[in-house]
Novice: 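Have a look at this one before I ask anything.
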Amino acid sequence: MDHSAYIDAAAATLGLKIAAEHRPGVLQFFALAAHMAELVQGLALEPHDESGNVFQPVPPHGADAT
Amino acid sequence: MNSDDAAGIAAQVRDGALSARTAVERSLARIEVTDARINAFSARLNERALKRAELIDVHPQRHKMPLAGVPFAVKNLFDVAGLPTLAGSKIERDAAPARRDAVLVRRLEAHGAVLVGALHMDEYAYGFSTENTHYGPTRNPHDTTRISGGSSGGSAAAVAAGQVPLSLGSDTNGSIRVPSSLCGVFGLKPTFGRLPRVGSYPFVASLDHLGPFARSAHDLALAYDSMQGPLHGPPSDDPACAQRPGQPTLQLLDQGAQGLRIGVLGGWFREMALPEATDAVDTVAQALGTTRLIELPEVERARAAAFLITCGEGGALHLEDLKKRAADFDPMTRDRFLANALMPAAWVIQAQRVRHWFARRVARVFENVDVLLAPATPCVAPIIGTEWLQIGERRLPSRASMGLLTQPISCIGLPVVAVPLWGMSAAQPHLPIGVQLIAAPWREDHALRVAAQLQAQGLCSAPVARGL
């Protein structure tokens, strides 16, 4: 799959310039990441299969010192 | 215990047979003589170290210090007061010097250890070879034509070269276990969240671990026990750090593997390894008397999850510098960081969900086993500059492949001790290779006990490289 259009659009959106000499490497590595993405997208998960990341609220300084 | 390992030095300093100053002078002299060939050190702290050693020598509690006078060095992503925290980069040379040492440096020094320097690494910890373009490659002390592994290459090489008996590194996808394997030293990647990361330069907050390298399981436990414990500041300084008390391991080592249920990981962990790696695992399994083969589900997807989380977080972290000064990144990392900055959120979030799914499945496996064995690297250390690795029918990029077998494990934060074996490669018998001893979360003691037994049996060892 050709990711060029996505890469150009995402880079422009972020304000990230990709020099011509870096472009082949970026395309190659993005393609590898896309392959990894196929693997993770290929695992059937249920809606309740959440990420393990849990935000911890931060109390005022001093209240949470241990 | 040997006279030149951490426990041996500390015992001599405690009882007055050796001064801390002499221990530090010996380390500094060894660095001076050997580092031109190894290139492990990015900064030497001779003046600071000698002053600190003199304080240890007159310290009223010296005889109680578990690391009295032990020289150590840290990967240069740890803050060291007065130095910019380079994290292997050129960009961070412009950063303000750190105002104080990283928490783990302070903890080791509070137990009597003496910091002697900072060590090279892959730029921003994004690599497995320490072939850093800005600072030159860190060479493997057992064969200087070969890589030291990475990203904590300097940390492993400094111990293997006998420059220091103890060092610290970080492990996001294998960066303690890979260089341990390739340089033939013991390494501990603790449970995710076990050791506080305050004062270290991040790479991937969801995956970053810190841990020690040493020449024995005993020294790993000694250092690890000295660094354990919750943060004393606000937990928000490192939200991942578990607020749980330390669980000392050193006094448990004599139990060895007795009573522990041990299995060998199959599937991915054998398919993605050369014979020298699987032979090392089989040798350890035989010594431990186990033939039990265990397969974890969806290992390749777990590895992909770690890969994508790394992309997403690593890319976002460096986005501003990528916009402003991409040319200043190491060519070894630059194109990857640029691509990483563009990762779709859906990929990264799905990767986090897969990670958690995998952790829950593996937790079930640990209901029936205590320690799992797997190779730490697919092969012994490649020659510097090697681009490709052939594993069976697969031709893979060599540098990234060094982490194939570590990445699925750190993805779910399990504690691992990497232990070195020798003579497993018929073609390169002088080179070591590591085996991962993988335990359930918070059971570093299990992995360390097995490591101690293997060392006592003479199967695993970390000799100082000769001829440097």
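All of these numbers come straight from a predicted model, not from anything done at the bench. Throughout, protein chains are lettered first and strands after them, A, B, ... in sequence-line order, and every chain is numbered starting at 1.
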Novice: Which residue out of B:Val348, B:Ile349, B:Leu342, B:Val354 racks up the most heavy-atom pairs below 4.5 Å with chain A?
Specialist: B:Leu342
Novice: Heavy-atom cut-off 4.5 Å, strictly under: side chain, backbone, both or neither for B:Arg301 against chain A?
Specialist: both
Novice: Tell me, side chain or backbone of A:Gln56 under 4.5 Å from chain B's heavy atoms, or both, or neither?
Specialist: side chain
Novice: For A:Leu16, is it the side chain, the backbone, both, or neither that has a heavy atom closer than 4.5 Å to a heavy atom of chain B?
Specialist: both
Novice: Go through B:Leu338, B:Asp237, B:Leu308 and name the one with the most non-hydrogen pairs under 4.5 angstrom from chain A.
Specialist: B:Leu308
Novice: Return yes when atom CZ of B:Arg100 has more than 12 non-hydrogen atoms of other residues, nucleotides or ligands closer than 6.0 Å, and no otherwise.
Specialist: no
Novice: Report which part of B:Trp357 has an atom under 4.5 Å of a heavy atom belonging to chain A: side chain, backbone, both, or neither.
Specialist: side chain
Novice: By a 4.5 Å heavy-atom criterion (distance strictly below it), what part of A:Ala34 contacts chain B: side chain, backbone, both, or neither?
Specialist: both
Novice: Show the nearest heavy-atom pair for residues A:Ala33 and B:Phe307, with the distance to one decimal.
Specialist: CA-CE2, 3.9 Å
Novice: Could you look at B:Glu298 and say if it's the side chain, the backbone, both or neither that has a heavy atom under 4.5 Å from chain A?
Specialist: side chain
Novice: Counting heavy-atom pairs under 4.5 Å to chain B, which of A:Ala10, A:Ala37, A:Gly25, A:Pro24 comes out on top?
Specialist: A:Ala37
Novice: Can you name the closest pair of heavy atoms from B:Ala339 and A:Val26 and give their distance?
Specialist: CB-O, 3.7 Å
Novice: Can you tell which of B:Leu319, B:Asp335, B:Asn340 has the highest number of heavy-atom pairs within less than 4.5 Å of chain A?
Specialist: B:Asp335
Novice: For A:Lys17 and B:Ala326, indicate whether the former's side chain and the latter's backbone hold a donor-acceptor pair under 3.5 Å.
Specialist: no
Novice: Where on B:Arg334 is there a heavy atom nearer than 4.5 Å to chain A: the side chain, the backbone, both, or neither?
Specialist: side chain
Novice: Given heavy-atom pairs under 4.5 angstrom as the criterion, report whether the side chain, backbone, both or neither of A:Asn53 touches chain B.
Specialist: side chain
Novice: Locate the shortest heavy-atom distance separating B:Gln352 from A:Ser51; write the atom from each residue and the value.
Specialist: CB-CB, 3.6 Å
Novice: Quick one: of A:Leu14, A:Leu32, A:Leu39, who has the most non-hydrogen atom pairs under 4.5 Å with chain B?
Specialist: A:Leu39
Novice: Can you tell which of A:Ala19, A:Gly42, A:Ala11 has the highest number of heavy-atom pairs within less than 4.5 Å of chain B?
Specialist: A:Gly42
Novice: Would you call A:Leu43 and B:Phe358 a side-chain contact if the rule is heavy atoms closer than 4.5 Å?
Specialist: no
Novice: How about A:Leu45 and B:Gln350: do any of their side-chain heavy atoms sit closer than 4.5 Å?
Specialist: yes
Novice: I need the residue from B:Pro239, B:Ala351, B:Cys311, B:Pro344 with the largest number of non-hydrogen atom pairs under 4.5 Å to chain A.
Specialist: B:Pro344
Novice: Do the rings of A:Phe30 and B:Trp347 sit parallel, tilted or perpendicular, given the 30° and 60° boundaries?
Specialist: tilted
Novice: Check for a donor-acceptor pair, side chain of B:Arg353 on one end and backbone N or O of A:Glu46 on the other, with a separation under 3.5 Å.
Specialist: yes
Novice: More than 12 heavy atoms of other residues, nucleotides or ligands under 6.0 Å from CD of B:Gln390: is that the case?
Specialist: yes
Novice: Around A:Glu21, counting heavy atoms of other residues, nucleotides and ligands shown, do more than 12 lie under 6.0 Å from its CD?
Specialist: yes
Novice: Please look at A:Tyr6 and chain B and tell me whether the side chain, the backbone, both or neither of the residue comes under 4.5 angstrom of a heavy atom of that chain.
Specialist: side chain
